[in-house]
2 protein chains.
Amino acid sequence: MSRSYGQYCGLAKTLDVVGDRWNLLIVRQLLVAPARYRELQDGLPGIATNLLADRLRDLETGGVVERRLAGEGNAIEYVLTPWGAELREPIEGLIRWSTPLMTSGPGNDRFRPEWLVVALPALLSGRGSATVGIAVDGQMLQVCGAEVSPHDGRDLEAIVRADAAVVLGLAAGALTLDGARGLVEIEGDEAAVRTVFDR
Amino acid sequence: MSRSYGQYCGLAKTLDVVGDRWNLLIVRQLLVAPARYRELQDGLPGIATNLLADRLRDLETGGVVERRLAGEGNAIEYVLTPWGAELREPIEGLIRWSTPLMTSGPGNDRFRPEWLVVALPALLSGRGSATVGIAVDGQMLQVCGAEVSPHDGRDLEAIVRADAAVVLGLAAGALTLDGARGLVEIEGDEAAVRTVFDR
DNA sequence: CCGCATCCTCATGGATACTG
DNA sequence: CAGTATCCATGAGGATGCGG
């Protein structure tokens with residue numbers, strides 16, 4: 001566990017539980033879907049294995065994460081508790097806040113398509129239309145409502161670098177986003193991408 | 001500066017800027033009001049002075065905080081940039097998330113009335129009525145809409161420990177909160193407490 | 001393989017003293 | 001007042017080991 005701030009303040013208390021390095025990123029991964037230890041490692045490039053184990057223990061004792069036996073045999077799966085899942089709202093707020101940091105595009109940063117599953121609803125929900133930039137093979141496109149066009153230099157809600165499948169999914173989602181609440185769902189690396197509504 | 005996660009993800013990018021220990025609490029203080037170095041130290045019990053200096057530098061280069069010359073002479077004041085002030089939304093979300101951690105009351109935690117300036121709007125805004133518990137001199141009261149009564153054991157939005165002046169201000173705010181947006185404003189330690197609307 | 005635990009090194013945080 | 005400088009304790013990061 002991390003050292004407590006010792007302040008009777010909601011923000012400080014929250015940070016006592018999820019403020020340690022990697023903690024909120026672990027929650028982000030579990031907001032995508034419940035996951036095995038190995039899947040968490042894959043979705044959190046850069047984390048040391050001992051830290052992942054430590055943080056999962058902390059989050060478990062903190063009441064944010066539950067470990068449960070899944071499927072066949074003794075496979076362990078990590079799931080957010082109902083309270084832990086309520087971190088979606090503030091996390092979406094933090095993602096929206098990051099927009100100015102994202103519009104410069106990815107440098108040498110890693111990218112995982114699954115992160116879009118949390119980020120896109122955060123950026124696109126609650127607005128009539130939003131403009132998202134996509135960099136594919138060096139080409140910059142923008143998706144705005146029903147239009148997909150080359151990037152014209154205007155402000156973007158976010159820029160994502162993605163493989164072709166994700167771009168197709170994002171475009172499909174954006175095409176029908178106005179009014180409805182869309183979510184791009186990605187399964188696997190080259191996997192099928194489909195658009196889900198009213199999640 | 002802190003070590004970057006190196007992930008092209010909005011949450012990770014946000015945490016690269018404000019994820020270090022103490023950073024969000026410094027932002028909380030500056031959401032109350034612009035402040036001098038000394039005032040920040042007072043409002044952040046437990047922070048080491050070198051860390052405060054480090055974090056202020058980080059936040060300044062990160063574009064969250066600006067240092068400016070205030071008033072007479074060469075007095076330095078720290079202010080949130082417009083972008084930094086937009087952290088209010090996710091911070092309010094994190095404060096709301098902390099409710100289960102607050103209802104057990106303050107233990108040996110420090111408490112600063114000014115923290116209510118950020119927390120109370122976060123907990124009370126957007127709802128017809130909210131129930132807030134107040135511990136005064138060992139007595140537990142609850143404020144719900146227009147009623148102030150002894151705590152009856154029901155769920156509370158938050159519990160705050162406060163001096164009499166703050167309680168009066170909170171009650172005054174709660175009494176008129178339905179419909180209007182209220183904010184308890186505290187000045188000084190024993191200072192006048194008044195209720196402001198439509199901030 | 002998966003799910004961690006151990007060990008080691010170095011960066012960061014924390015407390016205190018000190019300075020322009 | 002507004003920070004620096006210093007020193008020590010703790011935590012992060014990386015490699016590796018190990019039982020099921």
Side-chain angles (χ1 to χ4, degrees), chain A residues 1-7 12 15-26 29-30 33-62 65-79 108-110, chain B residues 1-7 12 15-26 29-30 33-62 65-79 108-110:
Chain A
M1 279 280 217
S2 96
R3 166 182 280 260
S4 168
Y5 285 107
Q7 297 183 3
L15 294 176
D16 282 344
V17 177
V18 294
D20 267 12
R21 198 165 163 76
W22 292 108
N23 269 340
L24 278 182
L25 296 184
I26 292 173
Q29 279 314 110
L30 294 178
R36 307 272 298 272
Y37 189 89
R38 193 42 180 327
E39 301 174 306
L40 287 175
Q41 273 195 94
D42 294 343
L44 295 162
I47 196 171
T49 175
N50 58 342
L51 281 189
L52 179 55
D54 281 0
R55 293 297 115 92
L56 285 171
R57 240 192 313 273
D58 291 349
L59 291 171
E60 199 184 352
T61 67
V65 161
E66 272 177 11
R67 106 176 35 200
R68 70 179 184 201
L69 297 171
E72 314 300 322
N74 42 13
I76 297 173
E77 196 177 54
Y78 293 93
V79 201
N108 297 321
D109 294 338
R110 323 275 189 100
Chain B
M1 280 281 218
S2 97
R3 169 182 277 259
S4 168
Y5 286 107
Q7 296 183 4
L15 294 176
D16 282 345
V17 177
V18 295
D20 267 11
R21 197 164 163 76
W22 293 106
N23 270 339
L24 278 182
L25 296 184
I26 292 172
Q29 280 313 112
L30 294 177
R36 307 272 297 271
Y37 190 89
R38 191 52 188 312
E39 300 174 307
L40 288 174
Q41 274 194 92
D42 293 343
L44 295 162
I47 197 172
T49 175
N50 59 342
L51 281 189
L52 178 55
D54 281 0
R55 292 299 115 92
L56 285 171
R57 242 191 312 272
D58 291 350
L59 291 171
E60 199 184 350
T61 67
V65 162
E66 271 176 10
R67 107 174 37 200
R68 72 178 182 201
L69 297 172
E72 313 301 319
N74 42 12
I76 295 172
E77 196 177 55
Y78 294 92
V79 201
N108 297 321
D109 295 338
R110 323 274 190 99

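FYI, side chains are in, hydrogens and waters are out, and symmetry mates aren't considered; it's all heavy atoms of this structure.
B/E39 places its CD atom 12 Å from the P atom of D/dG3, with the value rounded to the nearest Å. Straight-line distance from the CG atom of A/L51 to the C1' atom of C/dG3: 15 Å, rounded to whole Å. The separation between A/L44 atom CG and D/dA12 atom C1' is 15 Å, rounded to whole Å. The distance from atom CD1 of B/I26 to atom C1' of D/dG3 is 14 Å, rounded to the nearest whole Å. Separating the CG atom of B/L52 from the C1' atom of C/dG14 is a distance of 13 Å, rounded to the nearest angstrom. Rounded to whole Å, atom P of D/dA12 lies 13 Å from atom CZ of A/R3. Note: CD (A/Q41) to P (D/dT16) measures 15 Å, nearest angstrom. The CG atom of A/D54 sits 10 Å away from the C1' atom of D/dG11 (whole-angstrom rounding).
Counting distance only, with no hydrogens placed and no angle test, the side-chain atoms of A/N50 and the base atoms of D/dG14 include a donor-acceptor pair under 3.5 Å.
Panel note: side chain A/Y5, backbone B/D109; no donor-acceptor pair is recorded below 3.5 Å. Side-chain atoms of B/R55 come within 3.5 Å of backbone N or O of B/R21 as a donor-acceptor pair.
Between B/L56 and B/Y37 the shortest side-chain heavy-atom distance falls below 4.5 Å. For the pair A/I76/A/L69, a side-chain contact is recorded, criterion being any heavy-atom separation below 4.5 Å from C-beta on.
Applying the 4.0 Å criterion to OP1 and OP2 of C/dG14, one finds that B/R21 has a side-chain N or O inside that range. Close to D/dA12, at under 4.0 Å from its OP1 or OP2, lies a side-chain N or O of A/R55. Taking 4.0 angstrom as the limit, B/Y37 places none of its side-chain polar atoms (N or O) nearer than this to OP1 or OP2 of D/dT4. Remark: B/R38 is not in phosphate contact with D/dA2, judged by side-chain N or O atoms under 4.0 Å from OP1 or OP2. Checking the phosphate oxygens (OP1, OP2) of C/dC1, no side-chain nitrogen or oxygen of A/R36 falls inside 4.0 Å. Residue B/Y5 places no side-chain N or O under 4.0 Å from the OP1 or OP2 atom of D/dG13.
Considering CD of B/E60 and CD of B/E66, their distance stands at 8.0 Å, rounded to 0.5 Å. Here the CD-CZ distance, from B/E77 to B/R68, works out to 4.5 Å after rounding to the nearest 0.5 Å. Atom CG of A/L44 and atom CD1 of A/I26 lie 6.0 Å apart (nearest 0.5 Å). Remark: A/Q41 CD to A/T49 OG1 distance equals 4.5 Å, nearest 0.5 Å.
If you check every strand for non-hydrogen atoms under 4.0 Å, B/I47 touches nothing.
Between its two ends, the helix from C/dC1-D/dG20 to C/dG20-D/dC1 turns its axis by 30°, counting five pairs per end and rounding to 10 degrees.
Listed nucleotides: D/dA12, D/dG14, C/dC4. Nearest to the side chain of A/A48: D/dG14. In the set C/dG13, C/dG3, D/dG13, C/dG3 carries the atom at the smallest distance from any side-chain atom of A/I76. Distance from the side chain of A/W22 is smallest to D/dG13 among D/dA2, C/dA5, D/dG13.
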